[in-house]
Number of protein chains: 2
Amino acid sequence: MLYAGFMSAAPPSAPTPPEPVDSPQLVQLGLDADEPCLRADAARNRARLLEAAAGLVAAHGADAVTMEEVAAAAGVGKGTVFRRFGDRTGLLMALLDHGEKKLQAAFLSGPPPLGPGAPPAERLRAFGRAALHRTVEDLELQLAAQPDPGRRFTVPPYRVRHHHVAMLLRQAAPDADCELLTHTLLAQLDPALVHHLIHQCGMPRQRLEDAWTDLVDRVTGTTA
Amino acid sequence: MLYAGFMSAAPPSAPTPPEPVDSPQLVQLGLDADEPCLRADAARNRARLLEAAAGLVAAHGADAVTMEEVAAAAGVGKGTVFRRFGDRTGLLMALLDHGEKKLQAAFLSGPPPLGPGAPPAERLRAFGRAALHRTVEDLELQLAAQPDPGRRFTVPPYRVRHHHVAMLLRQAAPDADCELLTHTLLAQLDPALVHHLIHQCGMPRQRLEDAWTDLVDRVTGTTA
DNA sequence: GACACAATCCGGACCGTGGTCCGCTTTGCA
DNA sequence: TGCAAAGCGGACCACGGTCCGGATTGTGTC
């Protein structure tokens with residue numbers, strides 16, 4: 001089963017490797033195994049780093065954790081962290097990979113209404129609920145892992161979500177500019193917004209879910 | 001006439017000054033003159049800094065400009081920059097202040113359909129066009145000025161836009177959760193998204209405008 | 001198996017930049 | 001003219017990110 005992890009195979013890797021294509025659509029989205037035959041020591045260090053990072057984040061909060069601390073806690077040099085994960089965002093995203101994979105599996109090939117089998121508007125509603133749930137469960141980390149504004153929409157997880165929602169939207173609202181409308185829908189699930197609404201405005205999560213449902217209804221013209 | 005500049009009176013100012021209230025609604029939104037009786041030297045340095053910053057940004061691009069460079073070009077110490085503008089984002093936002101003020105004036109008290117007098121759905125459509133236009137005209141700076149994810153929704157210009165759109169939406173779509181729906185609409189005008197669509201996906205600006213119009217139609221149930 | 005060699009990876013010294021701090025100067029008011 | 005408040009500025013710090021000489025790994029050869 002193919003997933004879209006947070007990492008590309010090798011972050012600062014060779015400039016345009018041959019890139020063997022299987023399923024063009026999926027490969028283009030960045031869907032690939034996320035540990036492409038690493039050398040033994042590299043793999044070991046990668047694991048150590050993830051473990052150390054997870055521990056530190058759990059202990060002191062995501063944005064109180066320093067790259068140098070992580071390296072030290074893993075018994076590894078600072079350079080190793082950056083070679084493996086590219087940058088701070090990359091490391092944090094790697095920490096979120098598991099959860100994201102699970103969500104992807106659920107809406108790509110899980111049971112309805114999230115997975116295939118239910119009508120598109122229904123799947124859209126389910127997608128919002130699931131994504132929201134996932135976002136809330138480790139909001140803080142998700143916030144800290146946000147890439148700089150220029151790359152928000154280029155990062156694999158976002159592209160996968162976009163691809164999926166756009167597909168559903170094309171069925172549920174054929175006369176709309178689905179490419180664009182999808183960005184708008186996804187904006188309501190943006191970790192930064194969710195954090196703002198819940199932790200700064202004190203909204204209950206249920207209200208966000210209701211708003212999503214309502215938004216889907218309005219946009220597709222359907223009603224649950 | 002009252003505006004909501006990018007800066008609060010004094011960024012890292014006293015912890016909760018008395019804050020004299022006039023029009024609670026507006027003050028709460030951060031609407032106030034943006035140069036609150038600065039001392040002579042301070043005002044002079046502020047002006048110098050803005051001028052220097054504008055020059056450097058125009059010359060070398062927004063994100064190639066260093067705070068130290070700006071300070072040097074203004075013939076001023078680094079500390080002065082930060083005291084006056086809080087942080088890098090603050091300085092960049094100050095550079096955008098003029099344009100933002102003009103937009104605010106236009107939709108708060110300008111002629112219809114942007115200003116008061118036109119039906120709400122119409123004003124919404126006009127707002128999108130105007131905001132999009134403004135965003136595009138110095139996208140790069142707008143991108144560089146984006147605050148960190150946690151504050152995107154707390155910054156005065158966003159709050160003013162939100163307040164305005166929410167008000168229109170309450171009239172045009174009374175049965176919706178306007179508070180939330182507004183965030184969703186505004187997301188389509190987000191500089192980061194606009195930049196992505198135009199410069200990375202190569203979409204023409206017209207398409208963004210059309211999408212906004214369509215979105216307003218769907219959300220309010222009206223048609224132009 | 002032993003060996004040699006190339007590709008890969010390691011790690012910590014190093015750099016640039018955003019942001020802070022505090023002793024000194026300027027300002028404006030009485 | 002004196003004096004408090006406001007402002008100034010550059011030394012200083014922390015942290016993200018880079019770089020390159022040296023160590024590890026794995027593979028082809030005998």
Side-chain angles (χ1 to χ4, degrees), chain A residues 7 9-15 17 35-49 52-53 56-57 60-94 144-148 150-151, chain B residues 7 9-15 17 35-49 52-53 56-57 60-94 144-148 150-151:
Chain A
M7 304 291 303
S13 100
E35 313 207 17
C37 52
L38 244 32
R39 225 173 68 173
D41 51 352
R44 188 198 50 199
N45 283 340
R46 182 190 149 91
R48 278 186 189 171
L49 280 168
L56 287 176
V57 165
H60 309 115
D63 42 30
V65 173
T66 290
M67 296 302 267
E68 212 148 8
E69 284 175 358
V70 174
V76 142
K78 197 177 170 183
T80 304
V81 191
F82 285 93
R83 189 170 346 88
R84 193 56 49 203
F85 297 101
D87 59 4
R88 185 188 159 83
T89 293
L91 173 61
L92 263 13
M93 280 189 172
Q146 206 97 50
D148 47 27
R151 295 216 301 254
Chain B
M7 303 293 303
S13 101
E35 313 208 17
C37 52
L38 244 32
R39 224 173 70 174
D41 52 351
R44 187 199 51 198
N45 284 340
R46 183 190 148 89
R48 278 186 190 172
L49 280 168
L56 287 176
V57 165
H60 308 115
D63 44 31
V65 173
T66 289
M67 296 303 268
E68 212 148 9
E69 284 175 358
V70 174
V76 140
K78 198 174 166 184
T80 303
V81 190
F82 285 94
R83 191 172 340 91
R84 192 57 49 204
F85 297 100
D87 59 4
R88 184 187 159 85
T89 293
L91 173 60
L92 263 14
M93 280 188 172
Q146 205 98 53
D148 48 29
R151 296 217 301 255

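Below, chains carry the letters A, B, ... as their sequence lines are ordered, and counting in each starts from 1. Values below: all heavy atoms of this structure, side chains included; hydrogens, waters and symmetry mates excluded. This structure is a prediction, so every number in the text was calculated from the model and none was measured.
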Check: Do N45(B) and R84(B) touch side chain to side chain, with heavy atoms closer than 4.5 Å?
Finding: no
Margin query: So, taking the atom named CD in Q146(B) and the one named CE in M93(B), what distance separates them when rounded to the nearest 0.5 Å?
Written below: 7.5 Å
Margin query: Rounding to an integer number of Å, can you tell me how far F85(B) CZ sits from dC8(D) P?
Written below: 11 Å
Note to self: I need the K78(B) NZ to E69(B) CD distance, nearest 0.5 Å.
What the structure shows: 11.5 Å
Notebook entry, point to check: Atom CG of L91(B) and atom P of dG18(C): how far apart are they, to the nearest Å?
Noted result: 10 Å
Note to self: Tell me the closest heavy-atom pair linking A71(A) and V81(A), and the distance in Å.
What the structure shows: CB-CG2, 3.6 Å
Note to self: On a heavy-atom basis, which atom in A144(A) and which in L92(A) lie closest, and how many Å separate them?
What the structure shows: O-CD2, 3.7 Å
Item checked: Minimum heavy-atom distance between F85(B) and L91(B), given as atom pair plus value -> CB-N, 3.6 Å
Check: Once you round it to whole Å, what is the distance between P of dG16(C) and CZ of R88(B)?
Finding: 17 Å
Notebook entry, point to check: Do R46(A) and L38(A) come close enough that some side-chain heavy atom pair is under 4.5 Å?
Noted result: yes
Between the protein and nucleotides 28-30 of chain C, list every N/O to N/O distance that falls short of 3.5 Å.
residue : atom : partner : partner atom : Å
dG28(C) : OP1  : A40(B)  : N            : 3.0

Check: Looking at dT20(C), dG17(D), dC10(C), which one has an atom nearest to any side-chain atom of F82(B)?
Finding: dT20(C)
Next item on the list: Would you kindly compare E69(B) and R44(A) by the position of their nearest DNA chain C nucleotide and give the one closer to the 5′ end?
Entry: R44(A)
Just the atom pairs and distances: protein N or O near nucleotides 10-12 of chain D's N or O, under 3.5 Å.
residue : atom : partner : partner atom : Å
dG10(D) : O6   : G79(B)  : N            : 3.4

Next item on the list: Calculate the interatomic distance between R48(B) atom CZ and dC8(D) atom P; express it in whole Å.
Entry: 10 Å
Notebook entry, point to check: At what distance, to the nearest 0.5 angstrom, does CG of D63(A) lie from CZ of R88(A)?
Noted result: 6.5 Å
Item checked: Between CZ on residue R151(B) and CG on residue D87(B), distance to nearest 0.5 Å -> 5.5 Å
Check: Do you know which two heavy atoms are closest between V70(A) and A52(A), and how far apart they sit?
Finding: O-CB, 4.0 Å
Check: Which nucleotide, dG7(D), dG16(D), dC10(C), lies nearest any side-chain atom of R84(A)?
Finding: dC10(C)
Notebook entry, point to check: At under 4.0 Å, does any side-chain N or O of N45(A) touch on OP1 or OP2 of dC9(C)?
Noted result: no
Notebook entry, point to check: How far apart are the closest heavy atoms of L56(B) and A73(B), and which atoms are they?
Noted result: CD1-CB, 4.1 Å
Notebook entry, point to check: Whole Å only: how far is the CG atom of D148(A) from the P atom of dG18(C)?
Noted result: 14 Å
Notebook entry, point to check: Atom CG of L49(A) and atom P of dG11(C): how far apart are they, to the nearest Å?
Noted result: 9 Å
Item checked: Interatomic distance, D87(A) CG vs dG17(D) P [rounded to whole Å] -> 5 Å
Margin query: How bent is the helix from dG1(C)-dC30(D) to dA30(C)-dT1(D), measuring the angle between the end axes built from five pairs each, rounded to 10°?
Written below: 10°
